[in-house]
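First up is the structure itself, then whatever we jot down about it.
Each chain gets a letter, A, B and so on, in the order its sequence line appears, and its residues count up from 1.
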Amino acid sequence: MNEEADKNLLDQQKRNWVSRWTTLGDIERTLIDKPSSGFEAWARTTAGVVVMLLSLQIITGLLLGFYYVPSTESAHTTVEYIEKVVPAGSWIRSLHHYGSMWLTLWLVLHLAQMFWRATYRRRPVAWIASVLLLALILASGVTGYSLPWDARAFFGTRVTEGIAGGLPLVGSAVREWILGGPEISPITLGRFFAVHVMVVPILILLVLAARLFVFRERALVSEAEERRLEVWMHRQVFRNAISAAVVFILLAIYSWKYFAPLGPAADTAAPGYLPRPGAQFLWLFQMLKYLPGRAASVVAVALPGLILLGLILLPFLNAKPIKRLIPHPRRTVGVVIFSFSFLLFTVLTILAYWKDATDPIVGAQLRRQQAEEVAFRSAPFTPLRARTSESVIDEQSDAKDSGKQADNASKNDNQGNGNTAVSNVNASSNMQTNVLTGGPPESYIINCSACHGTRGQGVQKFPKLIGVGSKPRRSVEDIIALLNDPKAYGLEAPMRSYADKLTEDEKREIAEWVASLKSK
Amino acid sequence: MPDSNRSKQSKEREVDKGRRNFLFLLPFGIFAGLAATITTAAFRYLRPAKPIHDEKWNDIAPIAELKGDKPVMRSIVVEHQAGWASTLEEHFVYVLPNKGNEVLSSMCPHEGCNVAWRSDTNQFFCPCHDSYFSLDGERLSGPARRGLDPLPTREQNGVLQVKYQSYVNNTEERIVR
């Protein structure tokens with residue numbers, strides 16, 4: 001008898017391996033709410049779907065980050081590269097694009113489900129965390145929309161800017177803070193990028209950390225009750241996994257069938273381009289059509305803000321003075337917010353689709369844009385032709401003998417090399433004479449040109465010296481001292497000391513020549 | 001009687017335990033499936049891309065101009081296309097007129113710095129780590145493990161042409177990159 005009890009204890013300890021070595025048990029207990037069964041239990045699996053979609057956004061976002069470059073020159077090309085060249089790239093981007101809309105939808109369903117079960121009463125932290133998550137996901141949707149930098153993204157940014165600019169009092173300031181200046185510029189793209197991939201994800205993780213690790217929302221129950229809850233919890237995890245898997249498979253198939261939209265680059269957009277927001281903002285877009293100028297801005301910012309604020313405050317609405325006014329303030333206010341928003345979202349979203357489908361002029365323009373996107377998608381990828389900044393080519397083409405260059409170009413054409421106008425220029429021998437007689441001292445050629453270029457233009461990753469003389473601590477004397485002890489000037493290997501490899505005269509002639517290098 | 005009852009109970013408990021294990025494991029199976037799908041896509045997505053090398057012949061100089069017993073330095077601009085951008089890189093080469101116009105890459109086979117020609121000692125010299133090479137590119141001293149790398153050349157209409165090629169550095173044999 002005693003033995004069996006011992007064995008049971010041992011078994012239990014073995015089984016509790018997870019809770020002995022990890023905090024998963026604690027997290028599980030934080031997540032446990034009143035058990036339910038049947039439809040209610042399945043309705044609660046919105047939680048699992050949200051977790052799955054959120055993880056998917058993070059994973060696909062990280063993957064996109066491997067190729068995406070947030071500059072106005074490269075952004076569109078890198079997205080095009082992901083779409084057209086990288087294996088599975090278009091699927092991953094599509095998952096990210098549609099995933100953000102699905103996540104918004106499922107978060108709303110999750111909130112509705114929590115409201116239905118009056119979670120805000122028992123689990124105010126869980127409730128507020130979910131509302132904050134929805135706000136952050138919406139912010140992520142706004143900023144992410146601008147990143148591909150095609151016409152759709154550019155005009156989407158312009159609408160965001162317009163809405164911000166129309167706000168009373170703070171409008172122009174907010175607009176400039178969002179844009180980083182008076183106009184949409186590379187700075188704007190940088191800001192949207194930073195908010196989208198750094199600020200918002202960190203805030204999301206903070207909200208989740210607070211929800212799981214900081215706040216304690218555990219109902220005090222007996223040990224026997226806790227055992228029962230744990231068993232229920234395991235079943236619930238199973239249900240969540242099923243729901244998450246089903247939604248994932250649906251999203252995966254959807255993203256396989258439908259590409260995330262990508263049009264030609266922003267600067268090639270034809271006038272009359274009609275921007276359309278992501279599905280989660282269609283209702284807002286449609287509403288703006290019915291509101292005059294400034295009122296639109298106020299409503300576009302205030303309405304979602306008030307809805308979210310109302311939801312956040314919901315758990316606190318049962319104060320006595322409010323109770324005296326309304327019998328069940330939380331239930332009542334919640335029902336009002338939910339039914340009002342639900343009505344607004346669905347009616348306006350349907351209207352938005354319906355208007356686009358029925359208006360002949362708008363329809364024609366949207367079809368034109370669609371055709372443009374299809375044509376763009378089927379065109380082969382064209383790589384970015386980067387100009388090597390200080391390289392020979394530019395200077396050569398400015399050089400006196402443009403005739404010679406033309407000769408070269410035509411010769412190349414004869415050989416059937418279409419794109420070689422730039423690459424064979426150096427074959428002309430004038431460069432050699434420039435390099436060897438016009439410029440640097442012999443000692444520079446031998447010791448320095450290997451890395452810094454024969455004209456101080458820099459070679460590959462090694463820095464250029466042109467213009468260095470105008471920087472602080474780079475006088476002729478400084479450069480001599482630097483050659484003796486580069487470390488003292490903050491330079492690291494492979495820049496080495498030339499203290500005993502050059503004579504004092506050589507150091508001086510090199511320093512004087514380098515200091516004389518001016519950028520054109 | 002109590003015995004059989006007991007065995008029945010334990011059997012039930014075992015069935016129950018199996019069921020519980022199954023319930024506990026199935027979600028992990030589902031998660032593993034989702035993770036495997038994404039991981040497969042991620043693997044294909046991140047697999048290193050083969051850069052497109054410029055297979056072009058670059059003009060160096062008219063053969064008639066290449067004279068003397070010292071190496072002649074020239075530069076060629078090579079187009080590299082990797083990923084979404086094509087970049088132009090300037091590379092230096094040395095022509096050896098008295099060795100049948102052999103062309104050596106100036107890239108040091110040690111760590112890839114550019115070697116320079118020293119006319120005072122008649123040697124190639126790498127300013128980064130002091131490797132020395134003879135007039136015809138043979139390794140003389142220093143950390144480099146092989147001599148300077150020759151590049152494929154040809155003659156076209158009296159003009160010497162070269163094809164740029166880079167080799168894996170720091171190896172004894174030449175391995176094309």
Side-chain angles (χ1 to χ4, degrees), chain A residues 52 56 59-60 63 66-67 69 74 77-78 80-81 85-89 91-92 231 234-235 237-238 240-242 244-245 248 252 381 383-388 391-393 408 415 417 419-420 422-427 429 431-432 442 445-451 453-454 459-460 494 496, chain B residues 20 23-24 26-31 33-34 37-38 40-47 49 54 56-62 65 72-79 81 83-92 106 108 111 113-120 125-129 156-157 159 161:
Chain A
M52 183 276 294
L56 194 64
I59 294 166
T60 50
L63 287 172
F66 276 83
Y67 294 106
V69 176
S74 318
T77 311
T78 52
E80 185 190 354
Y81 181 73
V85 182
V86 183
W91 185 55
I92 285 169
V231 171
H234 285 165
R235 289 213 180 134
V237 169
F238 168 74
N240 273 285
I242 299 267
F248 174 80
F381 172 74
L384 204 64
R385 300 233 162 247
R387 303 211 328 277
T388 44
S391 96
V392 225
I393 303 96
N408 260 330
Q415 288 168 357
N417 294 330
N419 59 350
T420 48
V422 278
S423 20
N424 270 355
V425 172
N426 294 281
S429 53
M431 181 216 154
Q432 207 58 35
E442 176 89 21
I445 293 281
I446 291 172
N447 292 286
C448 317
S449 70
C451 295
T454 43
V459 172
Q460 290 153 31
R496 57 184 284 176
Chain B
R20 212 161 44 214
L23 276 185
F24 191 69
L26 195 63
F28 280 102
I30 293 173
F31 289 135
L34 301 191
T37 316
I38 287 295
T40 314
F43 176 78
R44 300 204 322 123
Y45 178 86
L46 294 176
R47 203 156 41 173
D54 199 355
K56 206 173 66 291
W57 289 97
N58 299 273
D59 286 2
I60 292 287
E65 282 182 21
V72 181
M73 187 176 85
R74 297 281 145 147
S75 86
I76 54 175
V77 172
V78 181
E79 192 178 348
Q81 196 199 309
W84 57 85
S86 84
T87 49
L88 297 174
E89 285 178 10
E90 185 184 18
H91 293 283
F92 295 98
S106 76
C108 179
E111 294 292 7
C113 287
N114 284 322
V115 298
W117 170 253
R118 293 190 77 139
S119 42
D120 50 346
F125 144 74
C126 178
C128 284
H129 307 96
Q156 190 89 348
N157 305 326
V159 176
Q161 296 185 321

Quick check on B:Y45 against chain A: is it the side chain, the backbone, both or neither that has a heavy atom closer than 4.5 Å? both

Any sub-3.5 Å donor-acceptor pair from B:W117's side-chain atoms to B:V72's backbone N or O? no

Given that the side chain runs from C-beta out, which part of A:V86 has a heavy atom under 4.5 Å from chain B: side chain, backbone, both or neither? side chain

More than 12 heavy atoms from other groups under 6.0 Å of CZ on A:F381: yes

For the interface with chain B, which of A:N240, A:T78, A:N447, A:T77 has the highest count of heavy-atom pairs at distances below 4.5 Å? A:T78

Output the distance between atom CD1 (B:I76) and atom CD1 (B:I60), rounded to the nearest 0.5 Å. 5.5 Å

For B:R47, all residues meeting salt bridge (Lys or Arg N to Asp or Glu O under 4.0 Å), sequence neighbours excluded: none

Return the option, out of A:C448, A:P87, A:A88, A:G89, with the maximum number of heavy-atom pairs under 4.5 Å with chain B. A:P87

Kindly confirm or rule out an SG-SG distance below 2.5 Å between B:C126 and B:C113. no

Distance col, row B:T87:OG1 vs A:L384:CG, nearest 0.5 angstrom, shows 10.5 Å

Between A:A245, A:S74, A:A241, who has the most heavy-atom pairs with chain B when the cutoff is under 4.5 Å? A:A241

For A:L63, which atoms come within 4.5 Å of any heavy atom of chain B: side chain, backbone, both, or neither? both

Taking every non-hydrogen pair under 4.5 Å, which of B:A49, B:A116, B:C128, B:P127 racks up the most with chain A? B:P127

B:G29, B:G83, B:S119, B:A41: which one forms the most heavy-atom pairs within less than 4.5 Å of chain A? B:G83

Specify the closest pair of heavy atoms between B:N58 and B:V77, including all atoms of both residues, with the distance to one decimal. OD1-O, 3.6 Å

Which atoms of A:L56 come close to chain B, meaning under 4.5 Å heavy atom to heavy atom: side chain ones, backbone ones, both, or neither? side chain

